[in-house]
Amino acid sequence: MPELGTVNRREIAALVGVAPFQRQSGKYVGQAKIAGGRPDVRRVLYMATMSAIRHNKPIADFYSKLIADGKKGKLALVAAMRKFITILNAIAASIIVPNP
């Protein structure tokens, strides 16, 4: 992902495909769902997040809190994926030095 570290958190989540998109039309209010993005990157992020839930304290705590609050497993996992890619984006942004 060449955009990593150069775009904001919402844009990076949409590029990966873990950003929630609302489905609304008139009086119909649907549930937000993830869509689009890069499937290869999302697959790698999924496995990395599964590992992070077991071994990375901030991600594990975030996931556990969502589960304790009654969120479904997949929803909590996608939320953890979004948090993980946001953290990676912030790290990459701090490393990238802008050209003068």
Side-chain angles (χ1 to χ4, degrees):
M1 286 194 66
E3 302 88 3
L4 195 63
T6 60
V7 295
N8 66 34
R9 63 187 174 89
R10 289 182 182 98
E11 292 172 334
I12 199 69
L15 283 171
V16 173
V18 293
F21 291 104
Q22 295 293 330
R23 296 191 58 211
Q24 298 179 354
S25 176
K27 292 182 179 181
Y28 175 76
V29 179
Q31 189 174 18
K33 300 195 185 285
I34 63 169
R38 299 179 183 161
D40 294 337
V41 176
R42 191 170 48 250
R43 280 188 215 109
V44 171
L45 181 63
Y46 175 86
M47 292 308 294
T49 305
M50 291 295 287
S51 178
I53 286 171
R54 294 182 181 180
H55 303 290
N56 184 310
K57 182 125 174 78
I59 300 291
D61 291 345
F62 179 72
Y63 178 80
S64 298
K65 181 186 178 308
L66 290 175
I67 295 294
D69 289 345
K71 302 295 182 191
K72 293 182 180 178
K74 286 289 185 180
L75 187 142
L77 180 62
V78 171
M81 287 169 65
R82 185 170 183 192
K83 186 168 193 76
F84 194 29
I85 195 68
T86 301
I87 291 169
L88 293 174
N89 191 45
I91 291 170
S94 69
I95 293 172
I96 296 174
V97 178
N99 292 332

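By convention here, the first residue in the shown sequence is residue 1.
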Enquirer: State whether the number of non-hydrogen atoms from other residues, nucleotides or ligands found under 6.0 Å of R10 atom CZ is greater than 12.
Expert: no

Enquirer: Should V44 and M47 be counted in the same cluster of Ile, Leu, Val, Met, Phe, Trp and Tyr side chains packed under 4.5 Å apart?
Expert: no

Enquirer: Donor-acceptor check, side chain of D69 to backbone of K71, threshold 3.5 angstrom: yes or no?
Expert: no

Enquirer: What pair of heavy atoms forms the shortest contact from A32 to Q22, and how long is it?
Expert: CB-NE2, 3.6 Å

Enquirer: Would a hydrophobic clustering, with Ile, Leu, Val, Met, Phe, Trp and Tyr connected at side-chain separations under 4.5 Å, put L75 with I59?
Expert: no

Enquirer: Mind checking the CG-CG spacing from D61 to L66? Nearest 0.5 Å is all I need.
Expert: 11.0 Å

Enquirer: Please check: side-chain N/O of R23 versus main-chain N/O of Y28, any donor-acceptor pairing under 3.5 Å?
Expert: no

Enquirer: Can you establish whether the number of heavy atoms outside Q24 located under 6.0 Å from its atom CD is more than 12?
Expert: yes

Enquirer: Give a yes or no answer on whether the side chain of N89 reaches the backbone of G5 with a donor-acceptor pair at less than 3.5 Å.
Expert: yes

Enquirer: Using the rule that two of Ile, Leu, Val, Met, Phe, Trp, Tyr join whenever any of their side-chain heavy atoms come within less than 4.5 Å, decide whether I12 and F62 are in one cluster.
Expert: no

Enquirer: For R42 versus G36, what's the shortest heavy-atom pair and its separation?
Expert: NH1-O, 2.7 Å

Enquirer: Is there side-chain contact between E3 and E11, with heavy atoms separated by less than 4.5 Å?
Expert: no

Enquirer: Within a strict 4.5 Å, meaning less than it, do heavy atoms of the R82 and P20 side chains meet?
Expert: yes

Enquirer: Indicate the atoms forming the closest heavy-atom contact of L45 with I85, along with that distance.
Expert: CD2-CB, 4.0 Å

Enquirer: Going hydrophobic residue to hydrophobic residue with side-chain gaps under 4.5 angstrom, can you get from Y46 over to Y63?
Expert: yes

Enquirer: Is there side-chain contact between T49 and L77, with heavy atoms separated by less than 4.5 Å?
Expert: yes

Enquirer: For residues I67 and F84: do they belong to one hydrophobic cluster (side chain heavy atoms under 4.5 Å, members Ile, Leu, Val, Met, Phe, Trp, Tyr)?
Expert: yes

Enquirer: Are M81 and M50 side-chain neighbours, meaning at least one heavy-atom pair lies under 4.5 Å?
Expert: no

